[in-house]
Q: 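My structure is below; once you've seen it, I'll send some questions.
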Protein chains: 2
Amino acid sequence: MGAQLGDKPAQTPTPTLEMVAALSGVSRATVSRVVNGSLTVTPDIVEAVNRAIAELNYVPNRAARMLASRRTQAIALIVPESSAKVFADPFFAQLVQGVALHLADTEYTLTMLIESETNSEKTRRYLLGGNVDGALVVSHHTGDHSYARLSGSLPIVYGGRPLLPDDGETLYIDVDNSGGAMAATEHLIGLGRTRIATIAGPVDMPPGVDRLLGWRRAMEERGLDDSLVEQGDFTLASGAEAMRRLLERDPRIDAVFAANDQMAAGAYQAIAEAGRRVPDDVAVVGFDDNYFAETATPQLTTVHQPSVEMGAAMAALLVQVIEGKPYEPHSVLQTTLVRRASA
Amino acid sequence: MGAQLGDKPAQTPTPTLEMVAALSGVSRATVSRVVNGSLTVTPDIVEAVNRAIAELNYVPNRAARMLASRRTQAIALIVPESSAKVFADPFFAQLVQGVALHLADTEYTLTMLIESETNSEKTRRYLLGGNVDGALVVSHHTGDHSYARLSGSLPIVYGGRPLLPDDGETLYIDVDNSGGAMAATEHLIGLGRTRIATIAGPVDMPPGVDRLLGWRRAMEERGLDDSLVEQGDFTLASGAEAMRRLLERDPRIDAVFAANDQMAAGAYQAIAEAGRRVPDDVAVVGFDDNYFAETATPQLTTVHQPSVEMGAAMAALLVQVIEGKPYEPHSVLQTTLVRRASA
DNA sequence: ATGAAAGCGCTAACAG
DNA sequence: CTGTTAGCGCTTTCAT
C-alpha cells in the first residue's frame, strides 16, 4: 500500500505563445490576435498560426491572460454553508447543474465557494481580489442578499428574489412561487375540496411568503375559508407537526397544500397517524417536485420548480451583465403543476 | 423592468503590493514575504506591513501570483455529463459538498468542470493549460478512469476504485462496498431469513461487482444458496423488474439485498404487486442510505455510504499529493448498516 | 494588417 | 533579514 510522493516525470516544457510565434514566423502579437479571434488577421497567417498551435499542442496560460487583460473568465458560485448542509437538497444540486451546464458552453469557468462564518472574510477577499468577473449566490429559501455591498464592484446574480423590496437593480432570477401555489390550490378546489389547509414556510423566506400568498389568493377568489394555516420550516418533521396541529384544529380538513415536498411528506405521516388516507380523505399537493414527490406513496402531486433552468438563467444573466450586453435585471420562471396520485 | 447595463461606478484603484510597500516603507519583496507568511521577517516590519495592508484593504491578485509562482491553488472537479444528469443523485451532491467543505478550510479553490462529448477537448486543455494543480473525478458507479493519460502531468484523485485492476498508483478513495454488502446480508441472516436473494448492479461497475461479492461471501459462509441473483442498472424501474423475476423464480424468497436504495424502492413495488409485505414476508436491505431510504414506506434498512466524507477524503488526498507530502494512494472508507423498518 | 515595446502584479533567486 | 533584479506568459497601445 504505502507509496510515497510520486516522482514527477520529466515535463515537456509547456508551449508558450512565443514558441508558436517562432514556429509560425510571426510576432507574438499576431499569435495573440489569432488566438483571440481577431478579425483583422490575414487568412493565410491565421491558418499558419493555427497549424503551429496544433503542432505544439499549445494551450494559452489562463493566469497570464487574466493578468494582462484584467478579465478572469471566471464566475463564482457562492453557497452559504447553512445551505451547503442542505446541499442534500435536490434543488441545489439541480441549480448547480444548470449553472455548470450553461457555463460549459461558454468560455467561463465556475468556482465554487462555500461561505461559512469562519471564512466569510476569505470569500469577500476572493471576490474583491479580482479573481472572478461576477458571482452567483444561491440562498434558496432565505432571501438574504447581503452581498449587496459587493455589487458595486462586482455583478452578482441571486437565485430567488430578495427578502426586502429591492432597489430595482438587484439582479435575480426567481420562480413564480405565488402563481404555482395558486395553481396548486385551484387544482384542489377543482377536485371539489373545500376545507383546504396549508402548511406554510417561514415568513422570513420569500418562497414561504409567496407560496402562502398564492394559496390565500386562490382561497379568497373562491370565497373559501383561508384561516387553516400552520407554519413549518421546510423540513419533513415540521411538516408532520404542522399537519397534526391542523388536523387538531379541524379534523374535517379534506385537502392541504404544503409549501414544499418535504413538508408534504411530513403531512403524509400525520395524516396516516390520524387514520386518514391520501388522497381519499385528504388530498395533498406539494411544491418543488423533487425525490420526495416521486418516491412518496402515493406519489405526490406537486408544483414543479424549474431548478435546472433557474441555474442556467442565472448564469446567462450574469454573463450578459459581465459582457456589457443589455439585460433584464430580474425575471420569474414559470412553475407547472405535476399531477400524480395525491390530489 | 427594462434597465440596461449598469453604469460602472468609478472604481477605487485596486491596491497593489507595490502600494503597500510604499506605504509601509519597505520593498515589494518584503511585502510579498509578509503576505506569504515567511518566517524570516522582523516582527516590527511584519506589523507595519500588515497595518498598511489593512489600511489599503489590499488583496493579492491571484492571477499575478499564479503567473509568478506557477502554482494555481486551484483544484478541478470533473463531473462527466452523464453523471451530471444524475446530479440529482444525492450521492454526488453530498460528495461535492464534502469536497467543497474540506477545501473551504484550505487555500485551494474549486473549479467545476462538466465534461460532455462536445467539450471534452476543452476540459483536457483546461487541465493541461496549467489552470489547476490537480483534479478530482467523480464517476460514481462507472469505474472509468480514462483520465489516466493525464495523470502523468497532473495528479488526479478518483472517487471509487478503478474498474480494471490498476497499476497501484492510481489515486482513489473508495467505500467498502463488499464489506457493507456482507454486513447487510449477515443482518438478514441474523433475522432468521434463509432464502435471501440479491438485486445486483451492472457487472461493469465496481460497486455492482463488489456488492454482489459481499452478498455472495456472506451467503457462502453460512452455506446458503447463492443462486438467487438478478441484475438491475441501479434505477428504480430495473429494481422492480429484477424483483419480479426473482419472485417468479422462487416465490418463497424471504429477504432481498438490493445493491442500492433506488432498486430497493423498486423491489418494494414488485413485492407489493405480488401481494406480499415488507418486512413481514420479505425483508429488504438497500445500499447508499439516501432519500429513498428515509422516505420509503416502510423506511428502508440500508448500508450507509459516507459520501460527504468521501468527498473530503478525496480533496485531502489530492492536496496531500499536490503539496508533496506523503500519502496513501488509495483508501477505503467504512460503511455502516442503518437499521430501519424494512429488515 | 502586423510588429515593437511596455507592462499586468507578483514571486524568486541572488546579493548584500 | 531585506532589497535588487528579473522575469512568469500574455495583451495592448502605438507605430509602421
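Just so you know, these numbers use all the heavy atoms, side chains as well, and skip hydrogens, waters and symmetry mates. Chain identifiers are assigned alphabetically (A, B, ...) following the order of the sequence lines, protein sequences preceding nucleic acid strands; residue numbering begins at 1 within each chain. Given the structure is predicted, the values throughout are model-derived calculations rather than measurements.
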Q: Assuming nearest nucleotide by heavy-atom distance, tell me which of B/Asn61 and B/Arg33 is located more 5' along DNA chain C.
A: B/Asn61

Q: Between D/dT12, D/dC10, C/dA1, spot the one nearest the side chain of A/Ala68, thanks.
A: D/dC10

Q: Tell me if a side-chain donor or acceptor on A/Thr30 pairs with a main-chain N or O of A/Val26 at a distance below 3.5 Å.
A: no

Q: NA contact type, B/Arg71, heavy-atom cut-off 4.0 Å: base, sugar-phosphate, or nothing?
A: sugar-phosphate

Q: So if I take every side-chain heavy atom of A/Arg28 and compare against C/dG9, D/dT11, C/dC10, which nucleotide ends up nearest?
A: D/dT11

Q: To the nearest angstrom, how far is A/Arg62 atom CZ from D/dT11 atom C1'?
A: 15 Å

Q: Is the closest basic N to carboxylate O distance between A/Arg51 and A/Glu47 below 4.0 Å?
A: yes

Q: What is the nucleic acid contact for B/Thr40, judged by heavy atoms within less than 4.0 Å: base, sugar-phosphate only, or nothing?
A: base

Q: Answer with base, sugar-phosphate or nothing: what part of the nucleic acid does B/Val26 contact at a heavy-atom distance below 4.0 Å?
A: sugar-phosphate

Q: Counting side-chain heavy atoms from CB outward, which of D/dT11, D/dG3, C/dT11 is closest to B/Ser27?
A: D/dG3

Q: Is a donor from one side chain sitting under 3.5 angstrom from an acceptor on the other, for A/Arg65 and A/Asn36?
A: yes

Q: Output the rounded distance in Å from CG (A/Leu17) to P (D/dT12).
A: 12 Å

Q: Quickly work out the A/Arg65 CZ to D/dC8 P distance and round it to whole Å.
A: 19 Å

Q: Rounded to the Å, how far apart are B/Asp44 CG and D/dC1 P?
A: 12 Å

Q: Hey, which of these two, B/Ala64 or B/Val41, hits DNA chain D nearer its 5' end, going by closest nucleotide?
A: B/Val41

Q: Report yes if a side-chain nitrogen or oxygen of B/Ser32 is closer than 4.0 Å to either non-bridging phosphate oxygen (OP1 or OP2) of C/dT11; otherwise report no.
A: yes

Q: If you check the A/Ala29 side chain, which of C/dG3, D/dT11, C/dC10 turns out closest?
A: C/dG3

Q: Please determine, for the side chain of A/Tyr58, which listed nucleotide (D/dC10, C/dG3, C/dC10) has the closest atom?
A: D/dC10

Q: Grab the CG-C1' distance between A/Leu67 and C/dT11 for me, whole Å please.
A: 12 Å

Q: Please determine whether a side-chain nitrogen or oxygen atom of B/Thr30 lies at a distance below 4.0 Å from atom OP1 or OP2 of D/dG3.
A: yes

Q: Quick one: B/Asn36 CG to D/dT2 C1', roughly how many Å, whole number?
A: 15 Å

Q: Look only at the side chain of A/Ser307 and the backbone of A/Gln94, and say whether a donor-acceptor pair between them is shorter than 3.5 Å.
A: no

Q: Could you grab the distance from atom CD of B/Glu309 to atom CE of B/Met314, nearest 0.5 Å is fine?
A: 13.5 Å

Q: In this structure, are over 12 heavy atoms from other groups packed under 6.0 Å from B/Glu323 atom CD?
A: yes

Q: Check every atom of C/dT11, D/dT12, D/dG9 against the side chain of A/Ser69 and return the nucleotide holding the closest atom.
A: D/dT12

Q: In whole Å, what is the span from the CE atom of B/Met19 to the P atom of C/dC10?
A: 10 Å

Q: What is the distance, to the nearest angstrom, from the CE atom on B/Met66 to the C1' atom on D/dG7?
A: 17 Å

